[in-house]
Every structure is written in structure tokens, then in C-alpha cells.
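Reviewing the structure listed below.
Just so you know, residue 1 is the first one in the sequence shown, and it goes up from there. All ligand and atom numbering here is 1-based and tracks the order in the structure.
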Amino acid sequence: MSALFTPLSLRAVTLPNRVALAPMCQYSAGPDGLPTDWHRVHLGSRAVGGAGLILTEATAVVPEGRISPQDTGLWSDAHVDAWRPVTGFVAAQGAVPAVQLAHAGFKASTYRPWDGRGGVPDAEGGWTPVGPGDEPFLPDHRRPTALDESGIARVVEAFAVAAARALDAGFAAVEIHAAHGYLLHEFLSPLTNHRTDGYGGDRAARMRLTLEVARAVRAAVGERTPVLARISATDWVEGGWTVEDSVVLAGELAAAGVDLVDASSGGASARAAIPVGPGYQVPLAARIRRDAGVLTGAVGLIVEPEQAEEIVAGGEADLVLLGRELLRDPYWPRRAAAKLGAAPGWPDQYARAF
Ligand code: FNR
């Protein structure tokens, strides 16, 4: 009996197994952040491949919240219409379509990786980002405008409206992106939040924006829809955000209506010393799960079926998210199921091959 291929119920939604496609930017949106055939085929293939939860890439709640001009968004009814064929296909394969709602903060308006580095100028479709302050992330990034309190309120509202639109678009779950040095993490981390108003200073004040977003998203989607939150569980920098902070945040997120904490790390500082290796972030998920008593997802260099099985069976996390391995092999979940002795369950269309 495989723990990895056991269903997981979150509110009114049941994931058929514990394997998720990690959110990954595809830098392939059409004008104004509209998803394209690339997203339907890319996400659809991973659903055919057997992942139980299909997370979209970071999908911006406002235009200026895109990381690159080629990122997807969900800030208008046109986005709702464009996402419907994607979610419809994913759900028809028995997988759960989920959107990662995001605001890139001071890391917005950057080139997609194969077009260059640093900030995209206005002349090339870029824009002025916003952040907790007016310092750029790196010297080659654009200088942000510091959000004032009305700007912060608009961000919270934009997450809520996008979450409501996500349901219209056919998504069955929502993930709040509060990791990787993007806007919410910029407010959480003492490395990037130097505000002196009610959104900066001690940990409670730095958590305020993320918790306001979590409560607003929960209110927008109602009680039946799962809400996940991706956090950077540590900055990996002395004096930065720590896993102890994450345990406190996870408890507060749960109280705000978040059902599962997806434990990633890093992104707020280029100085971070990240001990990259197989399953290197799994201990973060395990620590949060144990000390905050919340469901967690583990991500980062999880590539072997037995490794993924061990994480779930050993109680380190409730879900594993695979990123690059699912880029290399969309059928990884079906192969893993066969290897772990669970029913591989290939689609009827492919049955004659097995
Ligand atoms: C990512 N990652 C990422 N994370 C996130 O929260 N939102 C995103 O949009 C993206 N985009 C993205 C694009 C690409 C091309 C890669 C490779 C990664 C991080 C990703 O979700 C995951 O956490 C890491 O890749 C580590 O997991 P793997 O790849 O080792 O399984």
C-alpha cells in the first residue's frame, strides 16, 4: 500500500494522490497575461501524467504583479475565459486544477530567463514595480515605488477578487504565493521590510499583509475550497526569516483559513547560502508540520518514487510537489505508482500500450 498514492481530502476537494505539479513560470502568456495553448498542453500533459494536483505558474493578481511581461494573470473576465479550457481539461483527467495567485513586488518587470537579466524598461513592455520600500532587489532591477497603506489595501483586494475569479475559471483550489522574495515575502522578511508603519517592525507587523491576504482569499472562496500558501520557510541568511518564524506564521495562516503550507525557501536575498541537495527543504516541511500542527507540502529536488513515498509515509509532509522532474517526465506519477505497487491507472486512450 503506497502512502503517496492515497487520496488527500482538503475541505470539499479530494486529491486523488499526494503528487503535485509545483508552480512553474512558463513565460508563455499572450498579451496582458492571458494563458495560451502552451498552458493547456503543458498543464494538461501533467494531468494526463497522473499528478493529483496541478498548480499553475505564479499568476498575477494585478498587471504590475507579473514577474515578467510573459507571465499569466487573473485580473479580468477575459482571463477567466482563457483559463477555462485549461482547468476543464485538467479536471477531466481526474486531477485537481489549482492556481498560484501571486504578486511579484519589487521583483516584477524582469526579463524572462532566455531574453536577458534584470529589469525590463518601459520601452520593452516593462513597468515600475511596487515593494515594501523603494530599494531595488538588485542593482540591475527596476527601482520600485513603496506601497502606501491604500496601495496595500488594493493588493489585498486584488488577491480576493482574483480568488473569486479563480472559481469562475474552474480552479478547485487556490495557492497564495508568499515565497521567493516576491511581495508577500518581501513584507515578511526583515531583510527586505524596513517599514516603520503598521506593516513593518516586529514579526507580527511583518506578517500582517500575508495574513490579511489569507483572510481575504478565504472569505472570497467560501468554506468549501482549499487554500494553500507557499512560504519561504527560511531566508538562509543570518538575521533573516527563520523556520521558527515559519512555525508561528503557519499557525496564524491556519487560523486565517489556510489548509496546507507549501514549504519552499529563499529568494529574499542574493546572499543566501542554500544547502541544495536531494530533498533539502523536506526538513522545513517536517518541522512546520510537527510544531505548528498544519498539513504541509514538501518541494525541492524530490525525484525518486521511493524518496517521495518516504516523505509522506514517514509523516514529514502530506503532499510532495515536483518541479523540474515533471518538466523532464510528465508521466513520472504513473511510473512511480507502478514502481510503488499502486494501480498505475493509465488513461483509457493509452490502455493498449500496457
Ligand atoms: C519555478 N519555481 C516557482 N515557484 C513558485 O512558487 N512559483 C513559480 O511560478 C515558479 N516558477 C518556476 C519556474 C521554473 C522554470 C522552475 C524550474 C522553478 C520553483 C518550483 O516551484 C520549485 O519550488 C523548485 O523548482 C524546486 O523544486 P524541483 O524543481 O527541485 O522539484
Side-chain angles (χ1 to χ4, degrees), residues 4 18-29 33 35 38-39 42-43 46 49 51 53-61 65-74 86 98-105 107-108 110-115 117 159 162 171 173-186 188 210 213 227-234 236 258 260-268 272 274-285 296-305 307-308 311 317 319-330 332-333 336:
L4 190 62
R18 311 300 184 95
V19 183
L21 172 68
M24 281 181 288
C25 290
Q26 298 295 298
Y27 311 104
S28 301
W38 179 266
H39 300 92
H42 163 68
L43 297 170
R46 274 75 201 161
L53 178 69
I54 300 290
L55 272 157
T56 70
E57 67 193 68
T59 293
V61 299
R66 289 169 294 168
I67 305 166
S68 81
Q70 293 82 21
D71 284 9
T72 53
L74 191 42
V86 180
V99 63
Q100 188 188 49
L101 294 179
H103 190 308
K107 285 186 167 179
T110 54
Y111 286 105
R112 60 178 165 184
W114 55 87
D115 280 348
R117 289 180 63 85
F159 268 95
F171 289 107
V174 171
E175 178 170 271
I176 298 165
H177 194 350
H180 302 166
Y182 298 115
L183 188 69
L184 301 184
H185 183 195
E186 289 159 26
L188 290 168
T210 298
V213 166
V227 175
L228 289 64
R230 173 166 275 206
I231 65 170
S232 280
T234 170
W236 301 113
V258 167
L260 185 144
V261 172
D262 169 7
S264 188
S265 72
I274 307 181
V276 176
Y280 67 104
Q281 295 173 141
V282 174
L284 303 170
T296 60
V299 65
L301 289 178
I302 299 166
V303 296
E304 299 296 339
Q307 178 195 15
I311 291 166
L319 184 71
V320 295
L321 298 95
L322 277 68
R324 290 160 292 178
E325 186 63 15
L326 280 174
L327 295 184
R328 288 184 285 266
D329 180 7
W332 187 97

What protein heavy atom is closest to [atom], reported as residue, atom name and distance in Å?
{"atom": "atom 3 (C) of ligand 1", "value": "P23 O, 3.0 Å"}
{"atom": "atom 31 (O) of ligand 1", "value": "G323 N, 2.8 Å"}
{"atom": "atom 29 (O) of ligand 1", "value": "R324 NE, 2.7 Å"}
{"atom": "atom 11 (N) of ligand 1", "value": "C25 N, 2.9 Å"}

Does any N or O atom in [X] lie less than 3.5 angstrom from one in ligand 1, N or O only?
{"X": "E57", "value": "no"}
{"X": "Y27", "value": "no"}
{"X": "L301", "value": "yes"}
{"X": "L321", "value": "no"}

Other residues, nucleotides, ligands: >12 heavy atoms within 6.0 Å of R328 CZ: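 Yes, enclosed.
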
Quick check: do [X] and [Y] have side-chain heavy atoms less than 4.5 Å from each other?
{"X": "L228", "Y": "I176", "answer": "no"}
{"X": "Y27", "Y": "P113", "answer": "yes"}
{"X": "L74", "Y": "L101", "answer": "yes"}
{"X": "D262", "Y": "L321", "answer": "yes"}
{"X": "H103", "Y": "H177", "answer": "no"}

Heavy-atom closest contact (P275 atom, Y280 atom, distance):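 It is O-CB, 3.3 Å.
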
Over all atoms of both residues, closest heavy-atom pair of T72 and A58: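 Minimum heavy-atom separation between T72 and A58: OG1-O, 3.8 Å.
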
Atom 14 (C) of ligand 1 protein-contacted, heavy-atom criterion under 4.0 angstrom: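 Yes, there is a protein heavy atom closer to it than 4.0 Å.
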
CA sep, side-chain torsions, deciding dist, call: Q281, I302, side chain to side chain contact (heavy atoms under 4.5 Å, CB included): CA-CA 9 Å; Q281 295 173 141; I302 299 166; over 6 Å; no

Within ligand 1, which atoms have a heavy atom of [X] less than 4.0 Å away?
{"X": "H177", "answer": "5 (C), 6 (O), 7 (N)"}
{"X": "A22", "answer": "21 (O)"}
{"X": "H180", "answer": "4 (N), 5 (C), 6 (O)"}
{"X": "V299", "answer": "22 (C), 23 (O), 27 (O)"}
{"X": "Q100", "answer": "5 (C), 6 (O), 7 (N), 8 (C), 9 (O)"}

Of the listed options A58, A104, A20, closest to atom 9 (O) of ligand 1 (non-hydrogen atoms):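 It is A58 that holds the nearest heavy atom.
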
Of the listed options Q26, R112, M24, R230, closest to atom 23 (O) of ligand 1 (non-hydrogen atoms):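 Shortest heavy-atom distance from atom 23 (O) of ligand 1: R230.
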
Contact with ligand 1 for E325, non-hydrogen, under 4.0 angstrom: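 No.
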
Contact with ligand 1 for G300, non-hydrogen, under 4.0 angstrom: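 Yes, G300 has a heavy atom closer than 4.0 Å to ligand 1.
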
Whether W38 and H42 hold their rings parallel, tilted or perpendicular, with breakpoints at 30° and 60°: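 Geometry flag for H42 against W38: parallel rings.
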
Main-chain N/O of H180 paired to S232 side chain as donor or acceptor, under 3.5 Å: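 Such a contact is found between S232 side chain and H180 backbone.
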
